Amino acid sequence: MHAPFHATVLTLYPEMFPGTLGQSLAGEALANGLWRLDIKQIRDHGTGRHRVVDDTPAGGGVGMVLKADVVAAAIDAVSPMDDPRPRLLMSPRGRPFRQEDARALAAGPGVVIVCGRFEGVDERVIAGRGLEEVSIGDYVLSGGEIAAQVILDACVRLIPGVMGKPGSAFEESHENGLLEYPHYTRPREWEGLSIPEVLLSGDHAKIAQWRRDQAIKITGERRPEILREHKLKP
Ligand code: SAH
C-alpha cells in the first residue's frame, strides 16, 4: 500500500489542532493510520530572542503582516523543493474551495496548509514558495485554522476506507452537480407529517427517479447557478 494521505499544517496556534479532526470519522481514520497529520508552530522559525513572526505593513495601515522569511523557513523545514504535495495558503482572496478540489486533493499524496493570521502574509512568500491561495467562503475569519480543518475534513472523508460504504460519498450534495434530495426516517408519521408515499413503495426505480427529480427541484430553487453550470433543466 502506498503512504497514507499526509497533511502538514503550519500555524501560530497548534493547540487548535487536531480540533474537530480528532473526532468522529476523521479522528478514527487518523487513529487508524488512514491519514497522517503534522502540526508545526510557525513561531519556531521566528527571528530573535522573542521569535518575532510579524511586522507592520509597508506603506502603513492597521494590523500586522506575517513575515516572508519566517513563513518560508517554516515551509522549508517541512516541505522540500521536490515535495509533490500542493501547498495551500488559507486566504479570503483565494480560489473558492469546491468538492472537486477535495476529491483531487484526497486522491493525491497529501497537502501542506499555511494558516494566516493578522492582516495576512507578505505577498512575496506566496510566489516564492508556490502557495495556492484557497478560500472557504466569502467572509473573513480571524485565522486560517478553521479553514484548514474544513479543507482537511472534506478531503479525509473521501480517502478510501474512511467512510463506511464506498458509494455513500457519491450521492451527496455537490458530487453529481446537484444538491441532495430530502431524507426521512422512522416514524412514518411525525407531527402530522408523513414520509412521502413513494419512499415506502419498495419500487427502487421509482424511488431513484423521485430522488433525482427532488434534487433537481431543490437545486433549481436554492442554487440555480449550479444547474446552469451543469446544463440541467429545473
Ligand atoms: N486582511 C485579509 C484578511 C485576513 S484574515 C484580507 O482582507 O484579505 C486572517 C487570516 O484568516 C487570513 O490570512 C487567512 O489565513 C484566514 N482567513 C480569513 N478568512 C478566510 C477565508 N474565507 N478562507 C480561508 N482563510 C481565511
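Residue numbers start at 1 and run along the sequence shown. We count ligands from 1, going down the list as the structure has it; atoms in each ligand are counted the same way. Owing to the predicted nature of the structure, the values given are computational and were not obtained by experimental measurement.
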Intermediate values then yes/no, side chain to side chain contact (heavy atoms under 4.5 Å, CB included), Phe118 and Leu12:
CA-CA 11 Å; Phe118 319 126; Leu12 287 169; 3.7 Å; yes

Would you kindly specify which portion of Val134 sits under 4.0 Å from ligand 1, judged on non-hydrogen atoms: side chain, backbone, both or neither?
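Backbone only; the side chain of Val134 stays clear of ligand 1.
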
Protein non-hydrogen atoms only, distance under 4.0 Å: does atom 7 (O) of ligand 1 have such a neighbour?
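Under the 4.0 Å cut-off, atom 7 (O) of ligand 1 has no protein heavy-atom neighbours at all.
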
Less than 4.0 Å between a side-chain N and a carboxylate O, is that true for Arg36 and Asp38?
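Here Asp38 pairs with Arg36 in a salt bridge, since their nearest N and O are under 4.0 Å apart.
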
Please determine whether a side-chain nitrogen of the Lys or Arg among Arg95 and Asp101 lies less than 4.0 Å from a carboxylate oxygen of the Asp or Glu.
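Judged by the 4.0 Å cut-off on N to carboxylate O distance, Arg95 and Asp101 do form a salt bridge.
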
In the protein, which heavy atom is nearest to [atom], and how far is it?
{"atom": "atom 19 (N) of ligand 1", "result": "Leu141 N, 2.9 Å"}
{"atom": "atom 17 (N) of ligand 1", "result": "Pro92 CD, 3.7 Å"}
{"atom": "atom 1 (N) of ligand 1", "result": "Glu119 O, 2.9 Å"}
{"atom": "atom 4 (C) of ligand 1", "result": "Phe118 O, 3.5 Å"}

Can you name the nearest heavy-atom pair linking Pro187 to Ile195, along with the distance?
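Nearest pair, atom of Pro187 first, then Ile195: O-CD1, 3.9 Å.
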
So, is [X] polar-close to ligand 1, with some N/O to N/O distance under 3.5 Å?
{"X": "Met90", "result": "yes"}
{"X": "Cys115", "result": "no"}
{"X": "Ala147", "result": "no"}

Using the test side-chain contact (heavy atoms from CB on, under 4.5 Å), find all partners of Glu123 that sit at least two apart in sequence or belong to another chain.
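With neighbours one apart ignored, the set is Arg93, Ile126.
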
Run the numbers for me: atoms of ligand 1, each under 4.0 Å from some heavy atom of [X], listed by number.
{"X": "Tyr139", "value": "19 (N), 21 (C), 22 (N)"}
{"X": "Ile136", "value": "23 (N), 24 (C)"}
{"X": "Gly116", "value": "10 (C), 13 (O), 15 (O)"}
{"X": "Gly120", "value": "13 (O)"}

Check each of Ser91, Gly137, Gly144 against atom 25 (N) of ligand 1 and report the one with the nearest heavy atom.
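When every heavy atom of Ser91, Gly137, Gly144 is considered, Ser91 comes closest to atom 25 (N) of ligand 1.
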
Glu119, CD atom: more than 12 neighbouring heavy atoms under 6.0 Å:
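Counting neighbours around CD of Glu119, more than 12 heavy atoms of other residues, nucleotides or ligands fall under 6.0 Å, so yes.
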
Let me know which of Leu152, Val162, Leu37 forms a side-chain contact (heavy atoms from CB on, under 4.5 Å) with Phe5.
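Testing each of Leu152, Val162, Leu37 against Phe5, the sole residue satisfying side-chain contact (heavy atoms from CB on, under 4.5 Å) is Leu152.
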
State which residue, out of Val125, Asp54, Thr47, Asp122, fulfils the side-chain contact (heavy atoms from CB on, under 4.5 Å) condition with Lys67.
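Single pass found, and it is Thr47.
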
Test log, rule side chain to side chain donor-acceptor pair (under 3.5 Å), inputs Thr8 and Arg85:
CA-CA 10 Å; Thr8 303; Arg85 296 177 297 164; 2.9 Å; yes

